Protein chains: 2
Amino acid sequence: MPDQTKRAPSLGARLADRIRGAIISADVDLGEALSEDALAAAFGVSRTPVREALRLLQTQGLVSVVPKSGTFVFSPSEADIVELCEYRSLLEVKAACLAFERARAETHAALAAALEEMQAAAAADDMKRYGRADMGFHLAFFAQCGNRYLTQAYDMCLGRVSALRTHLAVLSQGEPARSLGDHARMVTLFGGTAAEDLAEILDRHIRRTRENYIEALQGRLRAAAAADPRARLRRKLGVG
Amino acid sequence: MPDQTKRAPSLGARLADRIRGAIISADVDLGEALSEDALAAAFGVSRTPVREALRLLQTQGLVSVVPKSGTFVFSPSEADIVELCEYRSLLEVKAACLAFERARAETHAALAAALEEMQAAAAADDMKRYGRADMGFHLAFFAQCGNRYLTQAYDMCLGRVSALRTHLAVLSQGEPARSLGDHARMVTLFGGTAAEDLAEILDRHIRRTRENYIEALQGRLRAAAAADPRARLRRKLGVG
DNA sequence: ACACAAGAACATGTATCCTAGATGAAAGCC
DNA sequence: GGCTTTCATCTAGGATACATGTTCTTGTGT
């Protein structure tokens with residue numbers, strides 16, 4: 001059996017990265033149709049690697065390919081957001097606990113560095129940079145948790161979480177300060193020897209992002225309903 | 001966006017099921033090479049759906065495709081087994097807790113039914129049937145946990161867990177009785193209103209399977225070393 | 001006897017072609 | 001006018017042909 005390390009990633013894998021990037025950067029909308037032909041033409045390759053890329057993204061839940069119909073960017077329902085956040089929370093709480101047990105010092109250093117970057121980004125009012133630093137903070141748990149499957153599971157939903165952030169994040173009042181506070185408390189916990197509240201802080205932190213997303217989603221749905229031709233017609237005709 | 005429910009599964013998906021079945025049933029060995037051409041010929045289809053199936057299985061960790069080299073059935077190391085079991089345990093403990101909170105009665109019924117089947121299988125000395133019933137027992141937690149992502153994550157590693165069971169399970173002395181005892185205690189817990197020990201029982205249960213697999217893997221490695229052509233040649237020639 | 005290099009054999013990667021199913025609009029019927 | 005049917009068109013599914021990289025073999029030179 002070959003070593004399988006450091007092999008050139010296939011064209012399909014690279015395409016998947018680019019398409020994922022496009023989704024996360026909000027270059028394409030949630031629920032939007034992605035034609036294999038169009039993607040192939042856009043990237044200047046044949047459909048075969050495009051299909052491979054879309055299948056990959058499908059397993060990550062970023063797109064859903066419907067046989068004979070089309071491929072569509074995922075479009076979360078409110079229940080999806082609730083469950084995804086619950087799922088993310090359980091992974092992250094476990095990873096944080098493992099990292100605390102197994103590599104407290106290393107994790108503490110990584111968290112502190114990420115926090116510093118977050119503070120710098122907040123000071124510069126650069127939300128994109130802040131988002132990246134925030135992601136780095138949470139990834140530190142997984143980098144140190146010592147369980148590849150757990151890390152992989154997080155990678156699996158990372159795309160969706162990132163997409164939610166960019167597509168739905170709305171800046172609530174006083175949010176950066178509260179967020180920074182939570183993160184700072186976690187760094188402090190990792191500097192000590194006991195972490196009783198770690199799970200609670202993390203869970204509450206993620207729960208807040210959940211409420212944020214749901215609020216934004218509802219706003220989106222209202223806007224979509226307002227723009228829906230049939231609804232507009234009904235309103236215009238005064239039909240309730 | 002179409003409804004995407006109840007669509008005919010693609011040929012690739014069906015092939016993936018069959019190949020996974022072959023791996024789980026130990027029709028092919030761990031680490032064995034799977035040629036796309038050979039599979040295509042065996043199933044009477046072209047390579048395209050075979051490739052799709054293998055990519056699917058790759059995301060489930062059942063095979064690893066090495067660019068330009070080949071596709072190989074996964075072959076766990078001891079560390080893989082440790083991490084996989086730790087991962088499985090965390091998913092299952094969480095699912096069990098959620099099921100307890102959200103659908104105690106339904107879960108209790110499902111667990112009791114599965115336990116009954118396990119007892120019947122044990123009485124009949126049908127280990128294959130026992131294995132299926134055991135899997136059904138654990139799946140009941142996920143069916144009732146109310147979080148699709150958690151369920152999906154378990155599905156993701158279910159293939160590997162099943163493969164480990166069939167490829168590596170060795171029957172330790174007094175194992176069926178102890179296993180049945182653990183499961184019976186869990187059923188009892190779900191009949192009550194508090195489940196303090198649930199996590200501990202589950203975790204210990206899974207930890208025991210882990211030790212079982214590791215022991216079997218070490219035996220396999222010893223056997224493989226003994227069967228290694230070079231080693232055999234050296235032995236035959238009396239070269240030490 | 002050994003090391004090494006060239007090449008055959010075989011693996012997957014990619015492109016292209018053809019087919020079948022789904023969708024939506026336009027035409028025809030009631 | 002509203003409803004149904006039909007057909008053009010676009011989608012993905014699958015087959016095949018060719019390109020390219022890997023690996024093992026084999027033969028040669030030392």
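Nothing here was measured: the structure is a model prediction, and the numbers come from that model. Letters A, B, ... are given to chains in the order of the sequence lines, protein chains preceding strands, and every chain is numbered from 1.
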A/R14 has an atom CZ; how far is it from atom C1' of C/dG13, in whole Å?
11 Å
Answer yes or no: does a side-chain N or O of B/T48 lie under 4.0 Å from OP1 or OP2 of D/dG13?
no
Is there a side-chain contact between B/L84 and B/C157 (heavy atoms, below 4.5 Å)?
yes
Which nucleotide, D/dA12, D/dT22, D/dG14, lies nearest any side-chain atom of A/T71?
D/dA12
Do B/N212 and B/T209 meet the criterion of a side-chain donor-acceptor pair at a distance under 3.5 Å?
no
Would you mind reading off the distance between B/L54 atom CG and D/dG14 atom C1', rounded to a whole angstrom?
15 Å
Interatomic distance where CG belongs to B/D37 and P belongs to D/dT22 [whole Å]
19 Å
Mind checking if A/L34 touches a base, just sugar-phosphate, or nothing, with heavy atoms under 4.0 Å?
sugar-phosphate
So, A/R14 and A/D17, do they make that salt bridge, N to O below 4.0 Å?
no
Atom-pair distance (CG on B/L39; P on D/dA15), nearest Å:
14 Å
Interatomic distance where CD belongs to B/E36 and C1' belongs to D/dG14 [whole Å]
14 Å
Look at the side chain of B/R47 against the base of C/dG13 and say whether a donor-acceptor pair falls under 3.5 Å; ignore hydrogens and angles.
yes
Would you say the side chains of B/S10 and B/E52 form a donor-acceptor pair under 3.5 Å?
yes
Short side-chain donor-acceptor distance under 3.5 Å, B/E36 and B/T71:
no
To the nearest Å, how far apart are A/F72 CZ and D/dT11 C1'?
9 Å
Provide, to the nearest angstrom, the distance between the CZ atom belonging to B/F43 and the C1' atom belonging to D/dG13.
18 Å
Can you see if the side chain of A/S46 gets near the phosphate of C/dA15 - specifically, an N or O under 4.0 Å from OP1 or OP2?
yes
Answer with yes or no whether A/R51 presents, from its side chain, a donor or acceptor under 3.5 Å of a partner atom in the base of D/dG14.
yes
Choosing from C/dA11, C/dA22, C/dT14, which nucleotide comes nearest the side chain of B/S35?
C/dA11
What is the distance, rounded to the nearest whole Å, between atom NZ of A/K68 and atom P of C/dG24?
17 Å
